[in-house]
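In what follows, a structure is listed as structure tokens, so that the remarks can point back to it.
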Amino acid sequence: MLRIAVVGATGAVGRECLALLDGGIVPVEQVVPVGSARSVGRDLGTELALSLPMADLVTLDDLDLRGLDVAVFSAGAEVSGREAERLASAGVLVVDNSSAFRMRPDVPLVVPQVNPGALDDRPASNLVANPNCSTIQLVRALHPVHELAGLESVVVATYQAASGGGVRGLRELAEGSRAVLDDPHAQGVPGGRFGQPLSFNLVPEIGLQDDTGFTHEERKLVREPRRILGLPDLRVSATAVRVPVFDCHSEAAHLRLREPVTTASVEAALAATPGLRVYRRSENPSYPMPRRVFARPEDRALVHVGRIRVEPEDDRAVALWVVADNLWVGAALNALQIVELAAKNGWLG
Ligand SMILES: NC(=O)c1ccc[n+]([C@@H]2O[C@H](COP(=O)([O-])OP(=O)(O)OC[C@H]3O[C@@H](n4cnc5c(N)ncnc54)[C@H](OP(=O)(O)O)[C@@H]3O)[C@@H](O)[C@H]2O)c1
């Protein structure tokens with residue numbers, strides 16, 4: 001039985017962590033919700049109708065580290081960068097959802113279905129990094145195809161939901177959409193969580209552009225899959241786009257392989273992989289869609305892959321359409337599956 005702190009418990013990811021813990025994903029003795037000073041006094045157990053053994057919400061300064069096994073951080077890179085190592089040095093295993101530690105060699109970057117071996121032993125740093133949300137669903141779809149025929153390169157376009165921008169992003173999409181429905185000429189104003197108005201719009205810039213012209217989100221999609229898949233030379237090119245859907249990221253991925261494949265062999269490799277749901281052309285619809293995936297908890301826990309095609313002129317070129325819930329698969333669920341794996345490996349709690 002574990003004592004777990006959920007840092008950022010009032011946020012979009014933190015709330016889903018609490019819900020998944022309430023569902024029993026790992027056995028808990030007590031969950032300690034942690035927020036900023038403005039949330040002290042909130043009763044998240046009642047707000048979210050949870051039956052977990054929950055302590056009162058505290059700030060990081062007031063968090064009692066004695067007997068604490070794990071802290072799942074979902075409070076942004078600035079808070080993680082400032083506080084996570086203090087907890088790790090006190091013996092708490094920190095699973096961090098932010099980008100603060102993802103490229104540090106002493107911090108494993110883990111997707112339990114893809115590189116579980118990274119958690120065979122407890123990291124000396126006491127830190128484990130959860131990859132970026134769009135990376136996780138991508139590598140979970142790429143991994144079986146790589147095992148089948150060897151990945152040479154990937155070109156991916158993402159269609160990322162407003163929930164990727166947290167509670168504020170969800171609120172801005174709802175409020176902006178109402179404003180446009182009331183006045184079809186309303187343009188909104190630049191700024192806000194997405195840099196530009198998102199409602200009834202597409203914003204092809206997630207994070208800041210660096211001096212190459214690619215954005216931080218696009219650079220994460222290049223660097224993180226290399227580390228997780230153990231393919232340091234994998235070529236990845238990404239265009240990351242924010243789209244006006246509330247939940248679930250979608251991705252169009254074009255793969256170049258070392259060996260020839262058929263649509264049937266790719267479908268079979270994906271269908272044989274636990275945690276993936278494959279959509280075949282004979283199904284109706286023959287592809288996953290964000291709203292449908294979000295509708296059922298059993299679907300929110302899976303990576304959905306459809307539109308599986310091998311180019312007629314090139315049997316080493318494959319196209320996939322991949323949809324997953326960024327708050328679960330891309331964040332809270334992956335983080336708690338890391339905790340589950342650490343406990344299973346016998347070095348936690
Ligand atoms: N949203 C996604 O799809 C997604 C996916 C993967 C990773 N992530 C990462 O997960 C993190 C959280 O994202 P989110 O979307 O959940 O954001 P969010 O909805 O904005 O939530 C942010 C949370 O951080 C808390 N917080 C802020 N300052 C704090 C402090 N000093 N001490 C303790 N808690 C503090 C806030 O608490 P108060 O309400 O108490 O201020 C809030 O609970 C980010 O690093 C993000 O990059 C998000």
Side-chain angles (χ1 to χ4, degrees), residues 5-20 32-44 47-48 56-63 71-84 86-87 94-102 109-111 128-140 158-174 192-194 198 206-208 215-217 220-221 224 240 242-243 245-251 290 293-294 300 323-338:
V6 174
V7 182
T10 59
V13 175
R15 289 188 312 206
E16 299 298 341
C17 274
L18 293 177
L20 288 164
V32 188
V34 181
S36 69
R38 66 184 155 259
S39 293
V40 171
R42 274 179 72 171
D43 178 358
L44 290 179
E47 280 180 36
L48 304 173
D56 289 342
L57 187 146
V58 291
T59 63
L60 274 163
D61 286 343
D62 290 336
L63 176 63
V72 178
F73 268 70
S74 311
E78 197 262 323
V79 174
S80 293
R82 200 176 61 229
E83 298 281 358
R86 178 172 67 82
L87 274 66
V94 172
V95 181
D96 183 38
N97 265 310
S98 83
S99 57
F101 305 105
R102 288 184 191 145
L109 181 67
V110 183
V111 178
V128 180
N130 212 52
N132 184 39
C133 44
S134 41
T135 300
I136 295 175
Q137 67 186 74
L138 181 66
V139 296
R140 285 187 56 184
T158 71
Y159 304 72
Q160 298 185 214
S163 61
V167 168
R168 185 172 153 217
L170 286 166
R171 192 177 56 238
E172 282 184 16
L173 177 59
R193 187 65 186 85
F194 305 115
L198 182 62
I206 303 182
L208 299 172
T215 64
H216 286 176
E217 188 80 0
K220 291 174 193 170
L221 277 159
E224 295 181 15
R242 188 73 67 185
V243 300
V245 305
F246 285 106
D247 296 286
C248 297
H249 291 351
S250 306
E251 299 178 344
V293 167
F294 190 71
R300 294 183 69 192
V323 180
D325 183 353
N326 47 295
L327 294 177
W328 276 29
V329 167
L333 182 62
N334 196 77
L336 293 172
Q337 285 170 337
I338 286 171

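Being a predicted model, the structure only gives us computed values, none of them experimental. In each ligand, atom 1 is the first atom listed, and ligand 1 is the first ligand listed.
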task = Output, in order, the C-alpha distance, side-chain angles, deciding distance and verdict of side chain to side chain contact (heavy atoms under 4.5 Å, CB included) for D62 and V40.
result = CA-CA 11 Å; D62 290 336; V40 171; over 6 Å; no

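- At a 4.0 Å heavy-atom cut-off, ligand 1 touches R38 through the side chain alone.
- Here the protein heavy atom with the shortest distance to atom 28 (N) of ligand 1 is V79 CG2, 3.8 Å.
- Between L48 and R15 there is a side-chain heavy-atom pair separated by less than 4.5 Å.
- Under a cut-off of 6.0 angstrom, the local environment of CG in D56 is sparse, with at most 12 non-hydrogen atoms contributed by other residues, nucleotides or ligands.
- Looking at V6 and P33, their side chains never come closer than 4.5 Å, going by heavy atoms from C-beta outward.
- Contact annotation for R82 and ligand 1: only side-chain heavy atoms (C-beta onward) come within less than 4.0 Å of the ligand.
- Contact annotation for atom 46 (C) of ligand 1: protein absent (non-hydrogen atoms, distance under 4.0 Å).
- Residue contacts with ligand 1: V7 is placed with no nitrogen or oxygen under 3.5 Å of a nitrogen or oxygen of the ligand (distance criterion only).
- Counting only heavy atoms of the protein, atom 17 (O) of ligand 1 lies nearest to G166 CA, 3.9 Å.
- Residue G330 approaches ligand 1 through these ligand atoms, each under 4.0 Å from one of its heavy atoms: 5 (C), 6 (C).
- If you check which protein heavy atom lies closest to atom 13 (O) of ligand 1, you get V13 CG2, 4.0 Å.
- Here the closest non-hydrogen pair linking R102 and N130 is NE-O, 2.8 Å.
- Under the ring-ring contact (aromatic ring centres under 6.0 Å, His included) criterion, F294 pairs with no residue at all, not counting sequence neighbours.
- When atom types are taken as modelled, the side chain of R300 and the backbone of V293 share no donor-acceptor pair closer than 3.5 angstrom.
- Inclusion of G14 in the set of residues having an N or O under 3.5 Å from an N or O of ligand 1 is not warranted.
- Ranking the protein heavy atoms by distance from atom 26 (N) of ligand 1 puts A75 CB, 3.8 Å first.
- Between the T215 side chain and the I206 main chain, a donor and an acceptor come within less than 3.5 Å of each other.
- Among protein heavy atoms, atom 12 (C) of ligand 1 sits closest to S74 O, 3.2 Å.
- The nearest heavy-atom contact from the protein to atom 8 (N) of ligand 1 is N97 O, 3.9 Å.
- Near G8, meaning under 4.0 Å from one of its heavy atoms, ligand 1 places the atoms 23 (C), 24 (O), 25 (C), 43 (O).
- In this structure, the protein non-hydrogen atom closest to atom 41 (O) of ligand 1 is S36 OG, 2.6 Å.
- Looking at ligand 1, you'll find an N or O of A12 within less than 3.5 Å of one of its N or O atoms.
- Against a heavy-atom cut-off of under 4.0 Å, G76 is close to the following atoms of ligand 1: 11 (C), 44 (C), 45 (O).
- Shown here are the salt bridge (Lys or Arg N to Asp or Glu O under 4.0 Å) partners of R168, two or more places apart in sequence or in another chain: E172.
- Among all non-hydrogen protein atoms, the one lying nearest atom 42 (C) of ligand 1 is T10 OG1, 3.4 Å.
- Listed by number with element, the atoms of ligand 1 under 4.0 Å from a non-hydrogen atom of A331 are 5 (C), 6 (C).
- Under 3.5 Å, the side chains of D61 and T59 contain no donor-acceptor pair of N or O atoms.
- Near S98, with a cut-off below 4.0 Å to any heavy atom, the atoms of ligand 1 are 45 (O).
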key: Trace of the side chain to side chain donor-acceptor pair (under 3.5 Å) decision for S134 with N132   = CA-CA 6 Å; S134 41; N132 184 39; 2.9 Å; yes

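- Within the listing of ligand 1, atoms 38 (P), 39 (O), 40 (O) sit less than 4.0 angstrom from a heavy atom of S39.
- Ligand 1 places these atoms under 4.0 Å from at least one heavy atom of C133: 5 (C), 6 (C).
- Checked by atom type and distance alone, the side chain of N334 pairs as donor or acceptor with a backbone atom of V110 at under 3.5 Å.
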Candidate pair L221 and T135, rule side chain to side chain contact (heavy atoms under 4.5 Å, CB included), full reasoning = CA-CA 6 Å; L221 277 159; T135 300; 4.2 Å; yes

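- The distance from ligand 1 to the heavy atoms of L327 drops below 4.0 Å at these ligand atoms: 1 (N), 2 (C), 3 (O).
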request  = Walk me through it: do Q160 and N326 pass the test side chain to side chain donor-acceptor pair (under 3.5 Å)?
outcome  = CA-CA 9 Å; Q160 298 185 214; N326 47 295; over 6 Å; no

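- Counting heavy atoms under 4.0 Å from ligand 1, residue S163 touches it through the backbone alone.
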